[in-house]
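For reference, the structure is listed below as structure tokens.
Counting convention: from 1, in listed order, for ligands and their atoms alike.
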Amino acid sequence: MKQSWIEHAATSGFPLENIPFGVARIRECTAVVTRIGDTIIDLQALAQHGYLNVNADVRETLSHDSLNSFMELGKEVMRDVRAQVAKIFAAENGKLRDHAEHRAHICMTEADVTMLMPVRVGDYTDFYSSRQHATNVGKMFRDPANALLPNWLHLPVGYHGRASSIVVSGTPIRRPKGQLMPADADAPVYGASRLLDFELEMAFVIGKGNSLGEQITTGAAEDHIFGLSLFNDWSARDIQKWEYVPLGPFLGKSFASSISPWIVTLDALDPFRLDGPVQEPKVLPYLEYEGEKRFDIELEVLIQPRGGEETLVCRSNYKNMYWNMAQQLAHHTVNGCNMNVGDMCASGTISGDEEGSYGSMLEITWRGTKPVAMSDGTERKFINDGDTVIMRGVAQKDGLRISLGEVRSEVLPAL
Ligand code: MN
């Protein structure tokens, strides 16, 4: 691990090798920021004081209220900024460290800033790419003997979600209302969802678009991906169950999704690449790929009742993906669909093979038949009002830890 003059624990997931990007409100203004340890660094101020050497076009994007314009400048600009930040804050470089006035203007604590939605999301697509999750859902709702539908092993199944309701960590989530079809009823009722759930997902952010009619190949896909964030794809299972036939998810999903404030670049995650799973049957040529396209990122979900302690309910890993990001993006654009900068694609619920690694309450409690014990003695089948759902992610290897941060949201009662 590289040493920085910003003191932080060796276990911090924000060493000089991470340098993620986010957007914060600082002193009534917005700025693109990064983080080392627990210190938030205002990149706009870093440029203003002459430490970060970037041209006027780049500098202008650093005061925007989203990363979109900065991402649009291309990966070379992002790489240059990360390399410069790593030098400015390296232990051996005392220039900024020894200038107290500049340091006070550039370096802040989390308490000094408000982290904002990092990206203006134009379009959001949710995939369904964990085989174990698709199998679990198929067993519960369809045929246990043929849990996977015939298309699943041939293409990364997905649907178009709602971008407007993606919110940043810390934003409370209001329990949605809608049509519910009780098991013993012959007509639907209107009311608050009783089966509110999370979905543990990762999302990738598009940093480079493609023209309408143009495909992105699996080989080119990662050039188009700026980075990754944690993603909680909130789901109202009762609304979803009644509405989804025949056109798929709608109001049971569109009320909210929550993301972490930090976008971690693929460059920072490069040491954590893994080979893919064997894909049998063989995929069509446009879905074939070369290289290590999966990432080893440990993920966890905790539930914290209001005033209570956190209880761990899931430990999974982003490597539990059958379809990788390159395949998802190649499939998304195989019909010529154009992606725009800021578009977000989520993985689908990331479930591992064992109980304890399932990425939704639906699976963890097997449709509510196996409640989870909380540390305060209560139990959960789904998410209660006043519960805070916390997701965290970290990649670690040989003493290097790269954190994805956390996404944390409290559930408020229905209005
Ligand atoms: Mn989902």
Problem set entry | the Mn ion (ligand 1): angle it makes with OD2 (Asp233) and OE1 (Glu199), nearest 10 degrees |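 It comes to 90°.
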For this session: Could you pull out the atom name of the N/O/S atom in Glu201 that is nearest the Mn ion (ligand 1)?
Result: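 So the atom name we want here is OE2.
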Exercise. What N/O/S atom of Asp126 is the closest to the Mn ion (ligand 1)?
Worked result: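 Closest N, O or S atom of Asp126 to the Mn ion (ligand 1): OD2.
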Exercise. Aromatic ring centroids of Tyr124 and Phe231 under 6.0 Å?
Worked result: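 So the answer is yes for these two rings.
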For this session: Decide whether Glu298 and Gln396 meet the rule of one side-chain donor and one side-chain acceptor closer than 3.5 Å.
Result: yes
Exercise. Do the side chains of Arg131 and Trp152 get nearer than 4.5 Å, heavy atoms only?
Worked result: yes
For this session: Would you check if the side chain of Ser129 reaches a backbone N or O of Gly348 as a donor-acceptor pair within less than 3.5 Å?
Result: no
